[in-house]
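Here the structure comes first, spelled out in structure tokens, and everything after it is commentary.
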Amino acid sequence: MSFDLKKSMLSMDNLIFGIGQISEMTGVSTRQLRYWEKRGYIHPLTKEDGKARQYDFKTVIAVLSIKHYLDEGYTLQAAVSKVSQYTKQASLFHRFMRRQLKGISIVDGHDALDLGYFDGTKTKKLYGVINGSETYFKLLNPDEVQDIPLG
DNA sequence: CTTCTAACA
DNA sequence: TGTTAGAA
């Protein structure tokens with residue numbers, strides 16, 4: 001099987017954690033984690049009666065995020081709401097990039113995101129150039145840029 | 001030793 | 001929420 005750039009870049013999933021691990025990583029008690037679950041705020045991968053819960057990495061991020069807002073003084077409900085908004089935006093961004101990111105190239109001597117053909121003529125591609133902290137877009141013919149091998 | 005559920009502080 | 005008991 002070949003190396004999947006998008007998968008490796010846009011999904012740091014596949015890792016599984018136990019409730020104790022998440023508790024240690026986030027500072028949220030196992031009691032709280034089970035309570036948040038009952039409230040419908042987090043969802044274990046598996047939830048068979050009497051058996052240990054398993055969580056994915058996304059849940060770790062969610063718990064850390066909720067914890068962050070709780071520490072800021074938000075109520076649990078408000079914290080979850082905040083995280084939900086962020087999660088939705090991240091999901092949209094993720095969906096877009098997963099579809100549009102074709103690879104990494106060199107444009108103007110800098111790293112650039114290959115965002116694919118800009119129009120239906122399949123002549124020019126849109127590149128997102130990254131020059132240090134500065135970024136800008138550029139339309140170029142694919143043969144005008146140097147592609148960086150992936151994987 | 002860790003996690004689960006349920007109940008009490 | 002913390003803690004605890006007894007079972008798994």
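Numbered from 1 within each chain, the chains take letters A, B, ... in sequence-line order. Just so it is clear, the model here is predicted, and its values are computed rather than measured.
With hydrogens and angles disregarded, no donor-acceptor distance shorter than 3.5 Å links the side chain of E134(A) to the backbone of N131(A). Using modelled atom types, no side-chain atom of T135(A) and backbone atom of V129(A) make a donor-acceptor pair closer than 3.5 Å. Between the side chain of K125(A) and the backbone N or O of K122(A), no donor-acceptor pair lies under 3.5 Å.
dT3(B) atom P lies 8 Å from atom CD of Q21(A), rounded to whole Å. When the C1' atom of dG2(C) is taken as reference, atom CG of L33(A) falls 14 Å away, rounded to whole Å. The distance from atom OH of Y35(A) to atom P of dT5(B) is 16 Å, rounded to the nearest whole Å. At whole-Å resolution of the value, CZ in R39(A) and P in dT1(C) are 11 Å apart. Whole-Å rounding puts the K38(A) NZ to dA7(B) P distance at 10 Å. The OH-C1' distance, from Y55(A) to dC4(B), rounds to 11 Å in whole Å. Following rounding to the nearest Å, W36(A) (CH2) and dG2(C) (P) show an atom-to-atom distance of 10 Å. Between E48(A) atom CD and dT3(B) atom C1' there is a gap of 14 Å when expressed in whole angstrom units.
At the phosphate of dT5(B), neither OP1 nor OP2 sits under 4.0 Å from any side-chain N or O atom of K51(A). Close to dC4(B), at under 4.0 Å from its OP1 or OP2, lies a side-chain N or O of R34(A). When the side-chain nitrogen and oxygen atoms of S29(A) are compared with OP1 and OP2 of dT1(C), none of them lie within a distance under 4.0 Å.
By the 4.0 Å N-to-carboxylate-O rule, K82(A) lies too far from E72(A) to be salt-bridged with it.
Comparing G50(A) and Q32(A), the nucleotide of DNA chain C nearest to each residue sits closer to the 5' end for Q32(A).
A donor-acceptor contact under 3.5 Å is formed by the side chain of R31(A) with the base of dT3(C).
Note on V107(A) and L115(A): separate hydrophobic clusters, where clusters join Ile, Leu, Val, Met, Phe, Trp and Tyr whose side-chain heavy atoms are under 4.5 Å apart, directly or indirectly.
Of the candidates dT1(C), dT3(B), dT5(B), the closest approach to any side-chain atom of A52(A) belongs to dT3(B).
The residue K47(A) sits close only to the backbone: its heavy atoms come under 4.0 Å of sugar-phosphate atoms, none of a base.
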